[in-house]
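First the proteins, then the strands, lettered A, B, ... as listed; each starts at 1. This is a predicted model, so every value here is computed, not measured. These values consider heavy atoms only, across backbone and side chains, with no hydrogens, waters or symmetry-generated copies.
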Protein chains: 2
Amino acid sequence: MDHAIADRWLTQVDEALSGPGRRAGAARTAVVELLAREGQCLLSAHEILRRLPNASASSVYRLLDELLELGLVHRFHGDDGVARYEIADPDGHHHHLIDDVTGSPIPFADHGLELAIEAVAARLGVRLTGHEVVIRGKRRSNGTES
Amino acid sequence: MDHAIADRWLTQVDEALSGPGRRAGAARTAVVELLAREGQCLLSAHEILRRLPNASASSVYRLLDELLELGLVHRFHGDDGVARYEIADPDGHHHHLIDDVTGSPIPFADHGLELAIEAVAARLGVRLTGHEVVIRGKRRSNGTES
DNA sequence: TTATATGCAAAAGCTTTGCATGGGT
DNA sequence: ACCCATGCAAAGCTTTTGCATATAA
């Protein structure tokens with residue numbers, strides 16, 4: 001995990017969730033801290049609930065919705081139809097490679113890909129507000145495996 | 001819709017689904033024909049069921065699963081978590097722009113984007129088996145709107 | 001004290017499965 | 001006649017919602 005990103009994100013969340021008429025409860029604190037620690041790549045509500053046995057499903061879903069609304073997390077729906085979340089941070093921007101063998105997502109970033117997406121948007125006459133890329137494949141052996 | 005793609009796809013489906021121990025029932029015929037006609041871009045099971053009041057949900061889901069297994073359709077999970085399908089055809093390859101205003105998907109293809117994705121895969125040492133791109137944005141007025 | 005965050009339980013919605021029946025071949 | 005495809009109904013799962021309670025401010 002990236003401490004700089006985690007800390008900045010926690011600050012943003014604190015700001016967004018400390019207005020008048022807002023309170024910090026146990027569930028909220030626990031979920032936010034978990035996301036900062038482990039939410040930099042695709043965490044589902046069930047995975048969160050498993051790690052936080054004291055939090056209720058309703059609180060977790062409600063909070064995730066709230067963070068989504070505030071733009072503090074991104075949400076994706078995987079091949080299994082389950083929603084997965086990760087913290088939103090410009091410096092943490094990345095896409096996902098799904099390993100054909102293990103099925104697990106591997107984050108990656110690529111400048112050329114970003115440029116290509118911007119070029120597409122320009123060609124289509126679209127002001128870009130978001131984009132996601134998923135690539136699937138099998139990693140070629142690179143000789144470092146055991 | 002593209003007749004050439006629809007016809008070729010129908011042929012492929014017929015071949016794949018006519019082996020020994022397979023039969024064509026009413027539901028299968030109706031769903032396959034509907035997909036060929038209107039399934040070139042993101043159709044959900046519910047939309048199919050609405051258009052085919054005589055087909056049962058179980059038949060529709062079972063058939064879509066079967067086509068998915070055979071690689072004859074692609075499946076996506078949209079922001080609402082609902083599975084949407086479209087026919088798989090190399091010549092019909094495209095990605096999706098989600099209009100921020102209407103929420104509806106607009107298909108597009110872009111050679112530069114494909115090249116960028118291949119470059120990423122090469123850099124990551126991955127043999128590509130699939131990829132999806134979704135971009136979101138607001139279409140700029142081009143002066144042709146009413 | 002007061003209103004918000006929480007948890008429980010029930011409900012909702014999409015999708016899957018079991019099983020008896022109908023219909024292709 | 002065989003047995004696959006279908007439809008119905010029930011179940012499964014994730015996610016949402018209603019409501020009473022606990023709790024932060």
Item checked: Distance test, side-chain N/O of A:Ser59 to OP1/OP2 of C:dG7, below 4.0 Å ->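 Yes, within the criterion.
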
Check: Using rotation axes that map the C1' atoms of four end pairs onto the next four (five pairs an end), what angle separates the end axes of the helix from C:dT1-D:dA25 to C:dT25-D:dA1, to 10°?
Finding: 20°

Notebook entry, point to check: Can you pull the ring pair (Phe, Tyr, Trp, His ring centres under 6.0 Å) pairs that have at least one residue in residues 96-116 of chain B, sequence neighbours excluded?
Noted result: B:Phe76-B:His96, B:His94-B:His96

Notebook entry, point to check: Tell me, which pairs form a ring pair (Phe, Tyr, Trp, His ring centres under 6.0 Å) where one or both residues lie in residues 49-72 of chain B, sequence neighbours left out?
Noted result: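 Found none.
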
Next item on the list: Using a 4.0 Å heavy-atom cut-off across all strands, classify A:Asp80 as base, sugar-phosphate, or nothing.
Entry: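 Nothing: the residue A:Asp80, judged by heavy atoms under 4.0 Å, touches no strand.
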
Item checked: Earlier contact from the 5' end, DNA chain D, for B:Val60 and B:Gly21 -> B:Gly21

Next item on the list: Treat primed atoms plus P, OP1 and OP2 as sugar-phosphate and everything else as base, then score nucleotides 16-25 of chain C 5' to 3': B for base contact with protein heavy atoms under 4.0 Å, S for sugar-phosphate contact only, - for none.
Entry: BBB----BBS

Please report, rounded to the nearest Å, how far the [atom2] atom of [N] is from the [atom1] atom of [X].
X: A:Ile48; N: C:dT6; atom1: CD1; atom2: C1'; answer: 16 Å
X: B:Arg84; N: C:dC14; atom1: CZ; atom2: C1'; answer: 12 Å
X: B:His77; N: C:dG13; atom1: NE2; atom2: C1'; answer: 15 Å
X: A:Arg28; N: D:dA25; atom1: CZ; atom2: P; answer: 8 Å
X: B:Leu63; N: C:dT15; atom1: CG; atom2: C1'; answer: 15 Å
X: A:Leu17; N: C:dA5; atom1: CG; atom2: P; answer: 9 Å
X: A:Asp14; N: D:dA25; atom1: CG; atom2: P; answer: 11 Å
X: B:Arg50; N: C:dG13; atom1: CZ; atom2: C1'; answer: 16 Å

Check: Taking only residues two or more places apart in sequence, or in another chain, which ones meet B:His77 in a ring-ring contact (aromatic ring centres under 6.0 Å, His included)?
Finding: none

Item checked: Residue met sooner reading DNA chain C from 5', once B:Val82 and A:Asn54 are mapped to nucleotides ->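 In this pair, the answer is A:Asn54.
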
Note to self: Applying side-chain hydrogen bond (donor to acceptor under 3.5 Å, both in side chains), can you list everything that pairs with B:Ser18, at least two apart in sequence or on another chain?
What the structure shows: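 With sequence neighbours excluded, B:Ser18 shows a side-chain hydrogen bond (donor to acceptor under 3.5 Å, both in side chains) to no residue whatsoever.
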
Check: For A:Asp79, which residues count as a side-chain hydrogen bond (donor to acceptor under 3.5 Å, both in side chains) partner, sequence neighbours excluded?
Finding: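 If we apply the side-chain hydrogen bond (donor to acceptor under 3.5 Å, both in side chains) test to A:Asp79, skipping adjacent residues, the hits are A:Arg136.
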
Notebook entry, point to check: For residues B:His74 and B:His93, is any side-chain donor paired with an opposing acceptor at under 3.5 Å?
Noted result: no

Checklist line | From CG (A:Leu43) to CD1 (A:Ile48), nearest 0.5 Å | finding: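 Those atoms lie 4.5 Å apart.
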
Check: What residue pairs, at least two apart or across chains, pass salt bridge (charged side-chain N to carboxylate O under 4.0 Å, His left out) with a residue in residues 43-58 of chain B?
Finding: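 Passing the test, one end in residues 43-58 of chain B: B:Glu38-B:Arg51, B:Glu47-B:Arg84.
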
Can you give me every donor-acceptor pair (side chain of residues 115-127 of chain A, partner residue at least two apart or in another chain, under 3.5 Å) with its distance?
residue, atom, partner, partner atom, Å
A:Arg123, NE, B:Asp110, OD2, 3.0
A:Arg123, NH2, B:Ala109, O, 2.7
A:Arg123, NH2, B:Asp110, OD2, 3.0

